[in-house]
Number of protein chains: 2
Amino acid sequence: MVTIVDVAKHAGVAPSTVSYVLTGKRPVSADTRVRVRESIQLLGYRPHAGLSARARTNVLALVLPLREGVHLPVAMRFVTSVVTSARGHDMDVLLVTADQGAAGLRALAESGRVDGFLVMDVELDDERVPVLRQLGLPSVLLGHPAAVKGLTCIDLDFEAAGARCVDHLADLGHRNIGFLGAPSVVYERNTGFAQRTLAGFSAAAMRRGVTSTAVPGEHGHDWVLAVVASLLRELPRMSALVVQNEAVLGQVVDCLRAEGRRVPDDVAVVAICPDELAERLRLTSVQLPVEVLGRWAVDLLMAKLKGHQPPALTLLPPKLASRTGSKSPEPRLRVTNGVG
Amino acid sequence: MVTIVDVAKHAGVAPSTVSYVLTGKRPVSADTRVRVRESIQLLGYRPHAGLSARARTNVLALVLPLREGVHLPVAMRFVTSVVTSARGHDMDVLLVTADQGAAGLRALAESGRVDGFLVMDVELDDERVPVLRQLGLPSVLLGHPAAVKGLTCIDLDFEAAGARCVDHLADLGHRNIGFLGAPSVVYERNTGFAQRTLAGFSAAAMRRGVTSTAVPGEHGHDWVLAVVASLLRELPRMSALVVQNEAVLGQVVDCLRAEGRRVPDDVAVVAICPDELAERLRLTSVQLPVEVLGRWAVDLLMAKLKGHQPPALTLLPPKLASRTGSKSPEPRLRVTNGVG
DNA sequence: GCAACGAATCGAAGCGCTTCGATCGTGATT
DNA sequence: AATCACGATCGAAGCGCTTCGATTCGTTGC
């Protein structure tokens, strides 16, 4: 390993002089500066990251707490999208999955190992937000807390998404609509997307004069059975169900059928999930545009790195894809090409 | 800022003892350990990683060149597996997707940003291998080059996998077997898994006296059509086809059907791919145990970080899952729970 | 011609942490 | 009882880098 001392020796100066050439914290004569630069080049010296490191690392941190209730396949779609986008900007991605919370963020920022942060799974009152605000590094949130001032956030408009489901179903004549959401831990954590969807759903139900019930959706087959049963008990005339829970979506449909309800004839199911999943199960859905969100988030971060100041909040309007009428033939494998 | 010295003073021990409690590199009596832990807790001490050159960064680099022919969904399954395993060892993952080759590896190692390397998409004569050998940092290859001495590699035994497909089909009486492989760029790069599978396939075909033809499988619907047509032309009596190409697998089956061949009645298709995909298409397959490989790779790397010297090459025996006989009902969503 | 000045550079003392040889108690072995 | 062995702990020497007071040395002002 080439150290600053090696460079100093080679250039015939003191290590501190090399340091000053690197940091520019004290004036160095043009002559010496050139000589030191040459030695650095020649020896292939790279300052040890974390100590000097005011230089760009070309690494962005994707902070993704892998905690209970996070649906891994969907999370990984985000990762894929972020990684491929980052690649287009010549950036690598540090996947920070250990949840050390705000302290972890600060430590990472101070260690100088990354150029910026992409933060996922944001809670309404997230403890990491104040830290992000005062941090020297730029950051973008995938999802948004209650107060977004001074931040840069991008998210699907989940409130509108929840409302959109109700409106769609109410337009079709449904008067009793259930809502099966994320696992309860997600609500207990006050995770933004879950709370907002529910709020949008509830408000729209009230506005449209629709009777509704909402329940969280725990994982595990027995739980799903119980949850579906309780929905049917609480809302006997339930003719439509909105599901925001990728992990149990398929099981929910199965359970409804096991209870003797035809889907979608007896119970119309609308999912809020990535398109592919809804496509496979042939369910009407509000699309969760994972790829767009991931790419956009990276673009926003790169813009901030270049010194721009993008808007505090970018909300994508929800899009509903109706899949009731046309019973397509056997679902087909969606083919994704490798990256060229 | 709370330093290790503060903790040591508070606990009434030497700083080195605190360090040993933290790293576990030397035994510390249970009594002392508890006391030190309490002081750490009480003072809110957070070790400042990255200051000392020898400090662990708790980051492992997952080197995954995102180049043509790499199938992203499968690659991301590896990433998922690696990330969740790494999480269990309190490690984060730096996803290095930029293909700067050997130079990039060296730069990364010298920058001191990672503790070790996990290298994917390994070629038979990979330029990165000599660098990995002389690097100070431990590394594990997912896949293996021609010469593995001094390395640590883990891989599915693709040669056996190729042979296994032939044996299975030959046992069923097939005498004309096609092989549809990865895109041709993958072979041109001399990527290990592709070359080995083909070698195993060919050798087994010869051994069993089976007529065979092998073609690479480019992406894009028109290409697939052309490739399938050419296979049927070259091997008119082809009654079985081995496919090692996740990206076009579904299309291949579609094209065969479009050509009037029933699958599996006229043409038995055996895939080499992750189980889930084969399950969805209801195809017999040799399983590509992505999750196991990823987890095992991380375990190997952690073992090396602890100073152990695992075997140079670990090969997983291929497992064939037969899915012909039982036509299961409508494919069901495979549910994966979030991480708890 | 000599002191004062300031830019350029040096040397050494840290930074917080790891690591290694040394030391200090034990209990077990002769 | 003296010795040994060994686990637990300490002290000090680094690690690569920054930082700051000190030291040059060529200018300038008088």
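Keep in mind that the numbers below use all heavy atoms, side chains included, and drop hydrogens, waters and symmetry copies. Treat the numbers as computed from the prediction; the structure is a model and nothing was measured. Quick note on labels: first sequence line is chain A, next is B, and so on, each numbered from 1.
At a cut-off of 3.5 angstrom, counting only N and O atoms as typed in the model, there is no donor on one side facing an acceptor on the other between the side-chain of B:Arg33 and the base of D:dG7.
Under the 4.0 Å criterion applied to side-chain N and carboxylate O atoms, A:Arg87 and A:Asp92 are not assigned as salt-bridge partners. Salt-bridge formation is detected for the pair B:Asp121/B:Arg67: a Lys NZ or Arg NE/NH1/NH2 atom is positioned less than 4.0 Å from an Asp or Glu carboxylate oxygen. Under the 4.0 Å criterion applied to side-chain N and carboxylate O atoms, A:Arg133 and A:Glu127 are not assigned as salt-bridge partners.
Spacing between atom NZ of B:Lys25 and atom P of C:dG21 amounts to 15 Å, rounded to whole angstrom units. The separation between B:Lys9 atom NZ and C:dG16 atom C1' is 13 Å, rounded to whole Å. C:dT18 atom P lies 13 Å from atom CZ of B:Arg26, rounded to whole Å. Rounded to whole Å, the distance from OH on B:Tyr45 to C1' on C:dG16 is 7 Å.
Checking the phosphate oxygens (OP1, OP2) of C:dC15, no side-chain nitrogen or oxygen of B:Thr3 falls inside 4.0 Å.
In the region residues 10-21 of chain B, proximity to DNA chain C at under 4.0 angstrom, judged on heavy atoms, holds for B:Ser16, B:Ser19, B:Tyr20.
Comparing B:Asp31 and A:Ile4 by the nucleotide of DNA chain D whose heavy atom lies nearest to each, the residue mapping closer to the 5' end is B:Asp31.
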B:Thr152/B:Thr314 under side-chain contact (heavy atoms from CB on, under 4.5 Å): CA gap, chis, key distance, verdict
CA-CA 8 Å; B:Thr152 307; B:Thr314 311; 5.9 Å; no
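A donor-acceptor distance shorter than 3.5 angstrom exists from the side chain of A:Thr80 to the backbone of A:Met76, with no hydrogens or angles considered.
Under the 30°/60° scheme for interplanar angles, the aromatic rings of A:His219 and A:His71 are found to stand perpendicular.
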